[in-house]
Amino acid sequence: MFDIRVIRESGDEIQSRLGDRGKEIDWKLLLQLDTERRDFVTRVEKKRHRRKIVLSEIGKLKHQGKPDNTELLQEVEKLANEIKADEALIKPTEDRLNDLLLRIPNIPHTTVPSGKDESYNEECRRWGTPPHLAFSPLPHVELGESLDILDFKRAARMSGSRFTIYKGAGARLERALINYMLDLHTQNHGYLEIIPPYLVNRAGMTGTGQLPKFESDLFYIERDDFFLIPTAEVSVTNIHREEILDSSDLPLRYVAGTPCFRREAGSYGKDTRGLIRQHQFNKVELVSFTNPEKSYDELDRLLVNVETVLQHLGLHYRVVTLCSGDMGFSAAKTYDVEVWMPVQGVFREISSCSNFETFQARRAQIKFRGSDGKTDFVHTLNGSGVAIGRTVVAILETFQQEDGSVLIPKALQPYMGGMDKIEKR
RNA sequence: GGAGAGGUGCGAGAGCGGACGAAUCGGGCGGUCUUGAAAACCGCAGUCCUUCACGGGACCGUGGGUUCGAAUCCCACCCUCUCCGCCA
């Protein structure tokens, strides 16, 4: 969330740096509400000050055993009433201002390419080569059904579209990937493993930026006012909500493998078949809290940690810098890692690594105390490390054999009980 | 779900109608001492809002109420802990 003072002082600069991202914002209204609020505040504070003085006078007289001064008592009563009335006036203005501030997206970092959609994204690098399959590869849906490791039809019967039942070696593969990634990130990359809540309250969702703007993307449990997490980013980032961290404890690095729940509102007809876009999917997520001056180094590190996963699995991928128009609401800079999907012959997002700078920290009130004793907002970052369902797709499609079996990458075999191939039972 | 206890600053923890923005300890920052460090000692220091500034104001889980006056009393709600019930 933005500091209204910054907008007050350099609103024009922010507007121009936001570019298209800020075009829905009513900047004039924002400043007007700000002025209004400050006028209210100043007025009320003057009255409160006067009230304090009168009150201490009354206290003094009481102590000296003197009779009540009705004039003073009357003044205090009058002030109390006025203050109450003024406060009632401030509240709606404050709420409106706050709501507007919460709807302003983050400012893109200066190194972010500007552009309105994904066609303006910039490819940074590619790793590996596409597999050369001497036969025409089957899509993961057919492959999964013929191997009897994925069942979309029965899942739809109980839960509707965008749900899947994993069976046998399919379930094992999913679980193996989660365990493999968690082990890699905890043992080799220095992240602390977390199992967070999957249900989060409104304040938590507001902290990371899902609310108030994207409520329709979330599954919501009305009875208890809970939301299902769309990513572990939400619960893991909120671990330190309303805390002042010790600078010497930074960076804090966490990893969590959790299910994620997304309503996918507005994506009807998009990726309807298969594992690509599900209402429920597993993801291993990396989250970092850093000192402000270290956060872009941390973003690079995060990206390397993510790439390591794909390299060990032998999956062809590329890294893309998202342009301003393709970035998420809360991000200042985002790299997407896209894995090669042989059947469609395209790269598909399998990880998204972002630096949020102070955007989430402001919303969630996450600060640190520096060596000078002063407090400031931390920078938060996160990246998928990586999305499990899409990794399953990439593995099935990349390592399939002409006979319909699928080879298991070496790195994964220990997690599959030594299995090196998935075959028809 | 029932009964009880509690939620105070970076952390621990006192305060239980006015002089309390809050004792004390720990941690932090600055200094003295030391070749350096530790220890010891001295000093500084909550967070936020508002003001060009001086200053002013708010904040002791949240929201109401009582009172001239509330961290302190009352009510509701939220959260935590203990016991019971239920359950994995």
Side-chain angles (χ1 to χ4, degrees), chain A residues 1-10 30-102 195-207 221-227 235 238-250 252 259 289 291 358 361-378:
Chain A
M1 179 165 70
F2 280 92
D3 189 339
I4 184 64
R5 280 174 299 194
V6 177
I7 294 176
R8 199 187 299 150
E9 278 154 31
S10 44
L30 216 51
L31 291 174
Q32 185 196 317
L33 289 170
D34 174 43
T35 315
E36 222 170 274
R37 181 186 149 266
R38 277 150 65 215
D39 287 348
F40 278 136
V41 167
T42 319
R43 196 167 42 163
V44 176
E45 285 184 354
K46 273 188 189 135
K47 288 178 186 166
R48 279 206 273 243
H49 179 50
R50 175 66 191 153
R51 177 173 175 269
K52 270 193 151 178
I53 291 169
V54 177
L55 236 37
S56 73
E57 284 298 317
I58 294 171
K60 237 182 258 168
L61 292 177
K62 274 258 190 259
H63 264 263
Q64 292 165 3
K66 293 186 179 163
D68 289 346
N69 181 329
T70 47
E71 215 170 283
L72 290 180
L73 289 180
Q74 273 170 13
E75 183 177 1
V76 135
E77 194 188 342
K78 181 168 164 264
L79 283 169
N81 288 334
E82 284 180 19
I83 288 165
K84 221 173 178 182
D86 286 345
E87 278 172 342
L89 286 174
I90 297 177
K91 189 85 168 57
T93 307
E94 236 166 22
D95 289 349
R96 262 181 94 194
L97 180 62
N98 242 324
D99 185 70
L100 284 180
L101 287 172
L102 285 170
I195 299 179
Y198 306 155
L199 295 174
V200 167
N201 61 24
R202 211 165 266 280
M205 284 292 170
T206 308
I221 294 158
E222 189 174 6
R223 193 185 164 98
D224 300 288
D225 203 24
F226 275 136
F227 296 87
S235 17
N238 274 288
I239 287 174
H240 293 299
R241 177 151 144 246
E242 286 163 47
E243 287 185 13
I244 299 177
L245 303 166
D246 197 323
S247 181
S248 62
D249 292 336
L250 300 176
L252 286 167
F289 301 77
N291 282 297
T358 60
R362 284 175 192 284
R363 293 176 158 242
Q365 290 295 309
I366 307 169
K367 302 184 159 188
F368 71 96
R369 194 177 299 282
S371 52
D372 57 357
K374 292 223 165 68
T375 62
D376 200 359
F377 292 107
V378 298

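Lettering of chains follows the sequences in order, A, B, ..., and the numbering in each one begins at 1.
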* Let me have a per-nucleotide readout for nucleotides 24-30 of chain B, 5' to 3', with B, S or -, counting only protein heavy atoms under 4.0 Å. => -----S-

* Of A:Thr42 and A:Ile53, the one whose closest RNA chain B nucleotide lies more 5' ->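 Comparing both residues, the 5'-ward one is A:Thr42.
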
Identify whether any heavy atom of [X] sits under 4.0 Å from a base atom; if not, whether one sits that close to sugar-phosphate; answer base, sugar-phosphate or nothing.
X	answer
A:Lys374	nothing
A:Arg50	nothing
A:Arg202	nothing

* A:Asp99: partners by side-chain contact (heavy atoms from CB on, under 4.5 Å), with sequence neighbours left out ->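 Listed in chain order: A:Arg103, A:Pro212.
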
* Asked: What residues, two or more places apart in sequence or in another chain, satisfy side-chain contact (heavy atoms from CB on, under 4.5 Å) together with A:Gln32?
  ->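 side-chain contact (heavy atoms from CB on, under 4.5 Å) list for A:Gln32, sorted by chain: A:Leu29, A:Glu36.
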
* Hey, is the main chain of A:Phe2 close enough, under 3.5 Å, to the side chain of A:Arg362 for a donor-acceptor pair? ->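 No; judged by distance alone, with no hydrogens or angles, the pair does not exist.
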
When rounded to the nearest Å, what value does the distance between [atom1] atoms of [N] and [M] take?
N	M	atom1	result
B:rA39	B:rC54	P	37 Å
B:rG63	B:rG4	C1'	24 Å
B:rU72	B:rG21	P	13 Å
B:rA22	B:rG9	P	15 Å

* By side chain to side chain donor-acceptor pair (under 3.5 Å), which residues pair with A:Asp376, not counting sequence neighbours? ->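 None.
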
* Sequence neighbours excluded, which residues qualify as ring pair (Phe, Tyr, Trp, His ring centres under 6.0 Å) partners of A:Phe368? ->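 Result, ring pair (Phe, Tyr, Trp, His ring centres under 6.0 Å) vs A:Phe368: none returned.
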
* **Phosphate contact (B:rU47 OP1 or OP2) by A:Lys367 side-chain N/O below 4.0 Å** =>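 So the side-chain polar atoms of A:Lys367 never come under 4.0 Å of the phosphate oxygens OP1 or OP2 of B:rU47.
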
* **Under-4.0 Å side-chain N/O to phosphate OP1/OP2 contact, A:Arg38 with B:rC49** =>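 It does not, given that no N or O in the side chain of A:Arg38 lies less than 4.0 Å from OP1 or OP2 of B:rC49.
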
Strictly under 3.5 Å: I want the nitrogen or oxygen pairs between protein and nucleotides 62-68 of chain B, one per line.
{"unit_1": "B:rG65", "atom_1": "OP1", "unit_2": "A:Lys84", "atom_2": "NZ", "d": "3.0"}

* Asked: Between B:rA58, B:rU50, B:rU47, which nucleotide has the shortest distance from any of its atoms to the side chain of A:Thr375?
  ->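 The listed nucleotide nearest to A:Thr375's side chain is B:rU47.
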
